[in-house]
Undergrad: 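The structure's right below; bear with me while I get my questions together.
The chains referred to below are lettered A, B, ... by the order of the sequence lines, with proteins before strands, and numbering in each begins at 1.
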Protein chains: 2
Amino acid sequence: MAKSIASRAENYSQWYVDIIKKARLAEHSAVRGSMVIRPYGFAIWENMRDQLDRMFKETGHMNAYFPLFIPKSFLSREADHVEGFAKECAVVTHYRLMNNPDGDGIIVDPEAKLEEELIVRPTSETIIWNSYRDWITSYRDLPILINQWANVVRWEMRTRLFLRTAEFLWQEGHTAHATKQEAIGEAEKMHEVYATFAEEYMAMPVLRGTKTDSEKFAGALETYTIEALMQDGKALQAGTSHFLGQNFAKAFDVKFANEENEQEYVWATSWGVSTRLMGALIMTHSDDDGLIIPPKIAPIQVVIVPIPKPNDQVDEVAHQIMDDLKSKNITVEYDNDPKSRVGFKFAEHELRGVPVRIGIGKRDLEKNQVEIARRDTKEKSFVSLNGVSDYIENLLSDIQDNLFSRALEFRKEHTTEVDTMEEFESVIESKGGFIYAHWDGSPETEEEIKKRTKATIRCIPLNAVEEEGTDMISGKPSKRRVVFAKAY
Amino acid sequence: MAKSIASRAENYSQWYVDIIKKARLAEHSAVRGSMVIRPYGFAIWENMRDQLDRMFKETGHMNAYFPLFIPKSFLSREADHVEGFAKECAVVTHYRLMNNPDGDGIIVDPEAKLEEELIVRPTSETIIWNSYRDWITSYRDLPILINQWANVVRWEMRTRLFLRTAEFLWQEGHTAHATKQEAIGEAEKMHEVYATFAEEYMAMPVLRGTKTDSEKFAGALETYTIEALMQDGKALQAGTSHFLGQNFAKAFDVKFANEENEQEYVWATSWGVSTRLMGALIMTHSDDDGLIIPPKIAPIQVVIVPIPKPNDQVDEVAHQIMDDLKSKNITVEYDNDPKSRVGFKFAEHELRGVPVRIGIGKRDLEKNQVEIARRDTKEKSFVSLNGVSDYIENLLSDIQDNLFSRALEFRKEHTTEVDTMEEFESVIESKGGFIYAHWDGSPETEEEIKKRTKATIRCIPLNAVEEEGTDMISGKPSKRRVVFAKAY
Ligand SMILES: [Zn+2]
Ligand SMILES: [Zn+2]
């Protein structure tokens with residue numbers, strides 16, 4: 001089983017593809033660039049989604065749903081936005097098919113042409129702010145704190161499952177505020193929600209920072225980002241939160257009467273994460289034997305395997321353990337298929353990244369114990385039957401912590417401070433990872449470095465230490481280091 | 001507040017529109033035929049969705065996600081299906097926009113024309129069965145029990161919020177089985193899940209039955225339906241479950257090796273409910289003062305209103321009650337806005353259909369009691385403070401039951417057995433409702449009755465009594481009565 005996965009050292013991107021295929025997470029579909037998310041992959045996404053949804057609701061947001069289609073003219077309203085999003089997108093031009101009068105099959109009915117073409121949403125700022133205009137008249141209507149879970153489409157030529165697909169699933173928060181300060185506060189709050197989610201649930205350490213002008217969201221004044229480091233030394237932008245100023249309010253004429261009854265434009269934010277997080281999850285933890293999933297988002301946290309086959313005694317012990325685990329809200333599966341062999345089952349559960357495996361065999365039962373294996377380190381222990389559920393509860397928590405520490409350790413080893421372009425290029429070529437370097441703040445230097453090395457500025461860290469330095473290319477002064485990396 | 005809603009007796013369809021607008025459930029969008037589901041409306045839908053999702057998982061299903069776009073040629077593969085779905089749909093023909101060389105704005109890039117047009121899914125049988133071909137080789141791969149929550153698009157010319165919109169939200173189950181019997185069993189099981197959900201959660205009684213050939217799903221051998229009765233005497237099809245035979249397996253060449261290693265086509269079902277249920281909910285329970293929502297799916301089950309204004313003592317009592325209710329998993333909101341008046345608040349909460357209102361006033365607190373009003377009957381009681389949470393727990397359950405009984409009583413009053421076309425036409429014209437009449441099983445009679453009265457056969461009831469009779473039009477023999485009604 002495991003043999004059919006490429007090793008990471010050998011071919012990281014093949015390994016990534018193999019994991020997704022063999023663990024049955026997703027696959028390409030008949031429509032170029034679109035993916036099918038298979039049940040096991042979707043179950044992981046559901047756990048991430050549900051936890052994020054709880055965190056959004058705890059911070060006062062409600063869900064809503066806005067149309068899939070956006071009138072073409074809406075996209076042109078906000079000047080930066082149109083540059084960023086109006087290029088590669090799916091365009092609906094007709095609303096009817098008809099039988100082919102000249103033969104077989106069906107054709108597009110030429111009579112059923114739309115007066116104005118519709119764009120399949122690449123993001124929903126425009127259609128949402130067009131609604132907000134009718135919802136907002138006074139400061140009493142503010143803030144509006146709305147999130148939407150939806151599919152969006154960006155026509156991508158080169159696609160990779162989860163990381164870059166023409167259609168993907170995401171959430172997009174869209175909030176409206178009476179003051180600039182409150183909107184900035186909202187963007188920062190959701191940035192922190194994302195960081196907390198990534199670290200505490202996905203066990204994935206992230207850098208918190210802001211984007212440079214050239215990497216900002218199209219239409220934003222400030223983009224906050226969380227940046228994770230993958231095992232191959234490349235960065236992955238895992239979630240962004242945007243302070244949009246009054247750009248969309250102006251584009252869609254959304255004003256409110258303040259407490260002094262003066263008309264003002266409304267302040268906006270938007271923020272989103274997507275099924276891209278599935279890619280980040282895979283490339284943060286998994287190994288050459290398959291997926292590794294942090295217990296807090298694993299669809300199945302524990303699997304029980306009878307050794308070598310199920311029988312009445314084993315069944316009884318298994319059901320007792322399952323009852324105990326379920327009463328602790330731990331999800332458990334009993335793999336009692338008599339047709340497949342133990343070795344096959346072990347490989348299969350490793351491949352799918354089930355955090356803990358319990359083996360129940362005759363000889364162990366005579367000693368009143370079971371064998372417990374953890375997926376992250378592959379360590380095995382023998383645990384007395386009467387302490388199994390407490391042991392597992394602690395073990396799941398240990399695994400969650402260990403995965404985070406391991407990833408944090410990896411990030412430390414792959415984080416380098418450099419002061420010259422020579423060093424920079426050598427680090428990028430050899431171990432990759434995050435590079436802290438001085439930058440004079442100009443788009444020219446940023447562009448030059450990107451051209452030479454393919455590395456981009458991932459973020460200006462939020463809590464960067466003040467430090468005098470000079471730009472590696474221009475030699476101009478810089479007050480703090482920013483973070484460079486090659487990125488997905 | 002309430003004054004702004006049309007009365008049901010006066011103008012039922014205006015009343016429906018007013019409720020949706022005033023309770024802020026949904027609204028039309030800038031895109032013709034598409035709707036915006038506002039936060040309060042979406043919160044109700046979320047509760048329905050989450051409960052259905054639990055019921056799907058309890059019956060062994062997992063969620064997955066398939067592409068939004070379907071290659072045009074896929075729709076032609078199944079002959080009946082293309083007739084039913086290939087007509088009014090959104091067609092993507094291009095994948096890029098460009099700046100208008102002749103002036104302002106953006107235009108569709110004529111160079112970016114797709115080789116094969118893509119259809120925005122009206123339903124997903126075709127794209128899903130195209131994947132199942134790769135997933136199924138042996139009987140060991142069966143059954144596949146998958147559900148998808150998704151948006152779908154059917155280009156409708158005459159739209160009504162929730163009932164008929166170009167884009168709507170739904171779930172679609174798609175299952176694959178080794179035997180005909182198992183597939184029929186699945187279709188029947190999900191039909192029963194829908195009926196249970198409608199009756200136990202939406203408090204909406206439904207008839208269980210099958211569709212006639214002319215009303216069946218395009219591509220199905222049998223369509224099971226649940227049919228509800230709205231307050232204006234019209235029926236509403238609330239959920240359908242289809243036994244698809246081997247039609248899609250044949251269209252997409254999906255075979256499996258059975259236990260004797262012989263190749264057979266796979267058996268299929270599909271089943272779905274949509275945001276249409278929101279319309280059914282509104283028209284089953286609500287009254288001239290606004291929405292009425294069954295407690296089991298109400299986003300807010302209890303609201304507390306200080307009378308006339310909040311103060312320290314009222315706050316303290318309110319928080320004690322909230323804690324008690326929350327510990328019973330009852331959702332509660334404290335409406336302590338000091339700026340709006342009590343009368344306004346009462347009207348607002350009635351409009352939004354909050355099942356229970358607690359009024360806390362100074363004089364009542366002196367008697368150690370609060371006033372509790374139920375939304376369904378508008379009855380008020382004074383309840384001693386130390387028994388409030390138990391009282392409310394029982395009351396919510398009473399309200400749930402009462403709404404169901406009331407709707408069932410209404411259905412009984414609006415169900416008529418008729419034996420002649422004269423009676424039939426008179427009942428349809430006067431009180432409407434469900435009409436049980438004999439039918440000879442021919443599409444001609446069915447069509448003739450539809451032409452004369454606009455009534456259709458809603459279903460052939462599952463547990464219909466065997467009874468000799470004659471068709472009202474042809475005079476031919478019939479063995480059981482079927483159910484007619486005008487329908488949404
Ligand atoms: Zn390394
Ligand atoms: Zn009546």
Undergrad: Can you see which heavy atom on B/R38 is nearest to which on B/R24, and at what distance?
TA: CB-O, 3.3 Å
Undergrad: Crowded around A/R341 CZ? As in, over 12 foreign heavy atoms under 6.0 Å?
TA: no
Undergrad: Is there any residue in residues 110-117 of chain A with a non-hydrogen atom under 4.5 Å from a non-hydrogen atom of chain B, and which ones are they?
TA: A/L114, A/E117
Undergrad: Considering heavy atoms only, which positions within residues 44-59 of chain B lie below 4.5 Å of chain A?
TA: B/E46, B/D53, B/K57
Undergrad: Considering non-hydrogen atoms only, spot the tightest contact between A/A90 and B/F69 and give its length.
TA: CB-CZ, 3.7 Å
Undergrad: Which residues pass the side chain to side chain donor-acceptor pair (under 3.5 Å) test with A/T137, not counting sequence neighbours?
TA: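 Side chain to side chain donor-acceptor pair (under 3.5 Å) check on A/T137 returns A/D141.
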Undergrad: Against chain B, label A/I106 side chain, backbone, both or neither, depending on which of its atoms sit under 4.5 Å from a heavy atom there.
TA: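 Contact with chain B involves both backbone and side-chain atoms of A/I106.
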Undergrad: Do A/R154 and A/F168 pass the side-chain contact (heavy atoms from CB on, under 4.5 Å) test, and can you show the C-alpha distance, the side-chain angles, and the key distance before you say yes or no?
TA: CA-CA 9 Å; A/R154 299 174 188 178; A/F168 56 93; 4.0 Å; yes
Undergrad: Can you tell which of A/N147, A/I107, A/V36 has the highest number of heavy-atom pairs within less than 4.5 Å of chain B?
TA: A/V36
Undergrad: To check you understand the geometry: which heavy-atom pair defines the closest contact between B/Y132 and B/V254, and what is its length?
TA: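 Reported closest heavy-atom pair: O-CG1, 3.9 Å.
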Undergrad: Does any N or O in the side chain of B/Q171 come within less than 3.5 Å of the main-chain N or O of B/V273, such that one atom is a donor and the other an acceptor?
TA: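 Yes, the answer is positive, given that a donor and an acceptor are paired below the 3.5 Å cut-off.
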Undergrad: Quick one: sort the B/F248 and B/F252 rings into parallel, tilted or perpendicular, breaks at 30° and 60°.
TA: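 Aromatic pair B/F248/B/F252 classed parallel.
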Undergrad: Identify which part of A/I128 has an atom lying under 4.5 Å from any heavy atom of chain B, answering side chain, backbone, both or neither.
TA: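 Contact with chain B: none, neither part.
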Undergrad: Heavy-atom distance under 4.5 Å to chain B: side chain of A/E88, backbone, both or neither?
TA: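 When you check distances to chain B, atoms from both the backbone and side chain of A/E88 fall under 4.5 Å.
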Undergrad: Taking every non-hydrogen pair under 4.5 Å, which of B/R96, B/M98, B/M62, B/Q148 racks up the most with chain A?
TA: B/R96
Undergrad: Do any N or O atoms from the side chain of A/Y65 and from the backbone of A/W149 form a donor-acceptor pair under 3.5 angstrom?
TA: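 No.
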Undergrad: Could you have a look at A/T93, A/N63, A/I146 and say which one has the most heavy-atom pairs with chain B under 4.5 angstrom?
TA: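 Heavy-atom pair counts peak at A/N63.
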Undergrad: So, taking the atom named NZ in A/K345 and the one named OG in A/S340, what distance separates them when rounded to the nearest 0.5 Å?
TA: 4.5 Å
Undergrad: What do you reckon, is CG of A/N261 surrounded by more than 12 foreign heavy atoms closer than 6.0 Å?
TA: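 Atom CG in A/N261 is not crowded, with 12 or fewer foreign heavy atoms closer than 6.0 Å.
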Undergrad: Among the options B/L68, B/I127, B/N130, pick out the one with the most heavy-atom pairs lying under 4.5 Å from chain A.
TA: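 Option with the top pair count is B/L68.
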Undergrad: Heavy atoms only: give me the nearest B/R121-B/A150 pair and the separation to one decimal.
TA: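 B/R121 and B/A150 have their closest heavy atoms at NH2-CB, 3.5 Å.
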Undergrad: Of all of B/H61, B/H94, B/K339, B/R140, which one pairs up most often with chain A through heavy atoms under 4.5 Å apart?
TA: B/H94
Undergrad: Give me the atom names and distance for the closest heavy-atom approach of A/G41 to A/M278.
TA: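 Shortest heavy-atom contact: O-CE, 3.4 Å.
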Undergrad: Before giving the answer on side-chain contact (heavy atoms from CB on, under 4.5 Å), spell out for A/L169 and A/F42 the whole-Å C-alpha distance, their side-chain angles and the decisive distance to 0.1 Å.
TA: CA-CA 11 Å; A/L169 303 183; A/F42 201 84; 3.8 Å; yes
Undergrad: For B/W170 versus B/V152, what's the shortest heavy-atom pair and its separation?
TA: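 Closest approach of B/W170 to B/V152, heavy atoms only: NE1-CG1, 3.3 Å.
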Undergrad: Go through A/L75 and B/L97 one step at a time and tell me if the side-chain contact (heavy atoms from CB on, under 4.5 Å) criterion holds.
TA: CA-CA 10 Å; A/L75 283 189; B/L97 299 169; 4.2 Å; yes
Undergrad: Among the options B/C89, B/S73, B/P299, pick out the one with the most heavy-atom pairs lying under 4.5 Å from chain A.
TA: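 Top count of heavy-atom pairs under 4.5 Å with chain A: B/C89.
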Undergrad: Kindly say whether the aromatic ring centers of A/Y95 and B/W155 come within a distance under 6.0 Å.
TA: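 Yes, the ring of A/Y95 comes within the 6.0 Å limit of the ring of B/W155, centre to centre.
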Undergrad: Looking at A/P39, A/G105, A/S76, A/A166, which makes the most heavy-atom pairs under 4.5 Å with chain B?
TA: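 Winner by heavy-atom pair count: A/P39.
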Undergrad: May I have the step-by-step check of side-chain contact (heavy atoms from CB on, under 4.5 Å) for A/I37 and A/T275, ending in yes or no?
TA: CA-CA 10 Å; A/I37 306 179; A/T275 34; 4.0 Å; yes
Undergrad: Non-hydrogen contacts under 4.5 angstrom with chain A: give the residues of residues 26-33 of chain B involved, or none if there are none.
TA: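 Counting heavy atoms that sit under 4.5 Å from chain A, the residues of residues 26-33 of chain B involved are B/E27, B/S29, B/A30, B/V31.
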